[in-house]
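So the structure is just underneath, and the comments pick up after that.
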2 protein chains.
Amino acid sequence: MSTIGKALSLLDTLSRLGKDVGLTDIARLCSLDKATARRFLVELEKHGFVEQDPDSRRYRIGSAPVRLARIREARYPFLRVAVPFIRTLAESSAETVHLSEFSGGRLSTIHVEDPQRAHRIIVDVGSILPFHATASGLAFLAFCPSTEIDAALRKPLEKFTDHTVVDPQLVRGLLDETAARGFSISHQGLEAGVISAAAPVRAPDGRPIGCVAVAAPLSRTTKTAIYEFGAQAIAAADGISEKYYGSERLTGTSPKTRRRD
Amino acid sequence: MSTIGKALSLLDTLSRLGKDVGLTDIARLCSLDKATARRFLVELEKHGFVEQDPDSRRYRIGSAPVRLARIREARYPFLRVAVPFIRTLAESSAETVHLSEFSGGRLSTIHVEDPQRAHRIIVDVGSILPFHATASGLAFLAFCPSTEIDAALRKPLEKFTDHTVVDPQLVRGLLDETAARGFSISHQGLEAGVISAAAPVRAPDGRPIGCVAVAAPLSRTTKTAIYEFGAQAIAAADGISEKYYGSERLTGTSPKTRRRD
DNA sequence: GCTTATGGTTCATTATTTGAACCGCAGCTT
DNA sequence: AAGCTGCGGTTCAAATAATGAACCATAAGC
């Protein structure tokens, strides 16, 4: 792997830790030599991507990503566009609705709206959604080119609950259903007692960029209800896509047709 | 320079461009070979830091920084803490107030509040503030260790207006005044017709992390008024610092005394 | 005062980065 | 249509930068 890749992985690892971390720890977590890790950290710090606490000498994510994110969001305000849709859906469904975005080969949660109820599903912003075990993951994969499906299913599939589908062939079955239906259903795939439905937000060329998902306690959710959530997720996802890519991108001649080529 | 540094500089360059940019252009702008630039871009794209438009094949900032920024801001919500102070100050002063943050060796604008008036100063979010020619830069440097002042003044100082102070010795004089007064004044240092006052937001160890600045049209601003703005900027900056570093950091034994060691 | 952590540094060895020249393609000119 | 030009992208020997075992200094624990 390239040096840049290693350094960015370090940054990624650092971002997943809930607290500041010392040199030795981060070197171990990234399987890097202490000297190497240090050189990376110094270099990243020079550019503001990490910062070192002057007292504890531990490292944390710096403020440079905040600047980049502002620029990115100013020009491509995905969240600004998407959040109103998510909020509306959370109100109408009265269940937790979350939005994910594909970035760096993974699907991660970027926004969550909780309904005003005591009993609801908790989803954390920043959490990573496994492709085979979540409604969002399935919805995303189902609309990807088959090469990417193959790549995702080649890796070992973790079994999170008794209900997690880990057989690649069975997952392909779920993907086919999802593609036909337009939304995915995850029946306790990641956590027991939780059912969810998700639909992909797609770029004009058909490629998914993220997902809208509704997550509800299994105990109070009928089959009719989850199909309704799925339909609403599709509406929200399409609404986001239309508003996000809006007028500018429609000038291109990119076909709307591609689904699984 | 290390490979990581070059790649992060490329990212930085990309972020300063107002639009998507092609391979050849970015290689030229970063003084890199085309092949090198491409390898960097591919590597950065793998991790979501840049993305390539599938149609135009041009590159832009990706969504990974957005994820990192969310994590950073969730744990250190500098903007969330600071914005109310900036807003209050903008209202009470009836002038443009902006907040800057030190990151990657530079001071960049991260928030701006405009007053409700027709005639006011415009400051862009994301703009870089030169140390010697802006109130924010002077306020920042004045409270830095002298080694960093030396480093900043060793570089050639650009003359932005007829009033820009570019003699290192004279700049040092301004810094001394600033340190004594607690806030800086920039008299048309960056733009003609603009006067501003700024105060540093400081970490518990005394090190500045950014600045609060009030910018007003010179024509309507008396000496009394600019001193009042300075005092208010100090109050806002201290308020932000106290709220930002609040309870957690006060456990340490870091001295409040350091100013220019 | 010894042991064992930590963060940080050194420098000969090693693996990666580098870039001139290259390809194929699309748009433009003649 | 032939030829030119600029684009994104690729190749491989040469040059350079990354690497990591061993090291130091310091602090905490026993």
Side-chain angles (χ1 to χ4, degrees), chain A residues 1-14 17-47 49-62 145 147 203 205 207 249 251-255, chain B residues 1-14 17-47 49-62 145 147 203 205 207 249 251-255:
Chain A
M1 190 196 262
S2 76
T3 309
I4 295 168
K6 281 179 253 178
L8 296 179
S9 294
L10 184 153
L11 200 60
D12 191 74
T13 302
L14 192 58
L17 270 23
K19 51 179 173 43
D20 298 2
V21 62
L23 173 60
T24 307
D25 282 346
I26 200 154
R28 183 175 35 79
L29 287 167
C30 300
S31 312
L32 293 171
D33 186 88
K34 221 171 27 144
T36 303
R38 171 126 226 284
R39 262 176 286 112
F40 286 1
L41 286 165
V42 167
E43 209 61 38
L44 288 165
E45 188 176 26
K46 268 189 203 156
H47 292 260
F49 283 82
V50 308
E51 66 184 30
Q52 185 181 33
D53 189 290
D55 294 334
S56 70
R57 292 193 152 179
R58 282 201 242 271
Y59 299 88
R60 72 173 83 102
I61 297 294
T147 54
D205 66 353
R207 183 183 300 271
R249 300 297 187 90
T251 53
T253 54
S254 14
Chain B
M1 189 195 261
S2 76
T3 309
I4 296 167
K6 281 179 251 178
L8 296 180
S9 294
L10 184 154
L11 201 60
D12 190 73
T13 302
L14 192 59
L17 270 24
K19 52 179 171 41
D20 297 3
V21 64
L23 173 61
T24 306
D25 282 346
I26 200 157
R28 184 175 35 79
L29 286 166
C30 299
S31 312
L32 293 171
D33 187 89
K34 220 169 29 143
T36 304
R38 171 126 226 285
R39 262 176 286 111
F40 286 0
L41 287 165
V42 167
E43 209 61 37
L44 288 165
E45 187 175 26
K46 270 189 203 158
H47 293 260
F49 284 82
V50 309
E51 67 185 27
Q52 186 181 32
D53 188 291
D55 294 333
S56 69
R57 292 193 153 179
R58 280 200 242 274
Y59 299 88
R60 73 173 81 101
I61 296 293
T147 54
D205 66 354
R207 182 183 301 270
R249 300 299 187 85
T251 52
T253 54
S254 16

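All chains are named by letter (A, B, ...) in the order of the sequence lines, taking the proteins before the strands, and each is independently numbered beginning at 1. All values below come from the heavy atoms of this structure, side chains included, with hydrogens, waters and symmetry mates left out.
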May I ask you to test the [X]-[Y] pair for a side-chain heavy-atom distance under 4.5 Å?
X	Y	result
A/R39	A/V42	no
B/L44	B/L14	no
B/D12	A/H47	no
A/F49	B/L11	yes

Take atom [atom1] of [X] and atom [atom2] of [N], then tell me their distance rounded to the nearest Å.
X	N	atom1	atom2	answer
A/F40	D/dA17	CZ	C1'	11 Å
B/R39	C/dA15	CZ	C1'	14 Å
A/L41	C/dT6	CG	P	15 Å
A/I4	C/dT16	CD1	P	13 Å
B/K6	D/dA18	NZ	C1'	11 Å
A/R58	C/dT6	CZ	P	10 Å
B/L23	D/dT10	CG	P	10 Å
A/L10	D/dA18	CG	P	15 Å

Please determine if a side-chain N or O atom of [X] lies less than 4.0 Å away from the OP1 or OP2 oxygen of [N].
X	N	result
B/T3	D/dA18	yes
B/T24	D/dG8	yes
B/T36	C/dG19	yes
A/Y59	C/dT6	no
A/R38	C/dT9	yes

Classify A/Q52 by what it touches in the nucleic acid, base, sugar-phosphate, or nothing, heavy-atom distance under 4.0 Å.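 Touches sugar-phosphate only.
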Of the non-hydrogen atoms in A/A7 and B/I4, which two are nearest, and what is the gap between them?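 Of all heavy-atom pairs spanning A/A7 and B/I4, the closest is CB-CD1, 3.5 Å.
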For A/S56 and A/S2, take the nucleotide of DNA chain C holding the closest heavy atom to each; which residue's nucleotide lies nearer the 5' end?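 Its nucleotide being nearer the 5' end, the pick is A/S56.
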Just how far is it from atom OG1 of A/T36 to atom NZ of A/K34, taken to the nearest 0.5 Å?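 The distance works out to 11.5 Å.
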Hey, what do you get for CG (B/L23) to CG (B/L41), rounding to the nearest 0.5 Å?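 Answer for the CG-CG pair, B/L23 versus B/L41, is 6.5 Å.
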For DNA chain C, what residues of residues 25-32 of chain B have any heavy atom nearer than 4.0 Å?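 Residues of residues 25-32 of chain B that come under 4.0 Å of DNA chain C do not exist, since none gets that close.
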Give me the one residue out of B/Q52, B/R60, B/R58, B/R57 that meets side-chain hydrogen bond (donor to acceptor under 3.5 Å, both in side chains) with B/D20.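 Considering B/Q52, B/R60, B/R58, B/R57, a side-chain hydrogen bond (donor to acceptor under 3.5 Å, both in side chains) with B/D20 is found only for B/R60.
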Spell out yes or no: do the side chain of A/K34 and the base of C/dG8 have one donor N/O and one acceptor N/O closer than 3.5 Å?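 Such a pair exists between side chain and base.
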Quick one: which of D/dA18, D/dT11, C/dT18 gets closest to the side chain of B/A35?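 Given the options D/dA18, D/dT11, C/dT18, the side chain of B/A35 is closest to D/dT11.
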B/D33, nearest nucleotide to its side chain (from D/dA18, C/dA20, C/dT18):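 For the B/D33 side chain, the nearest candidate turns out to be C/dA20.
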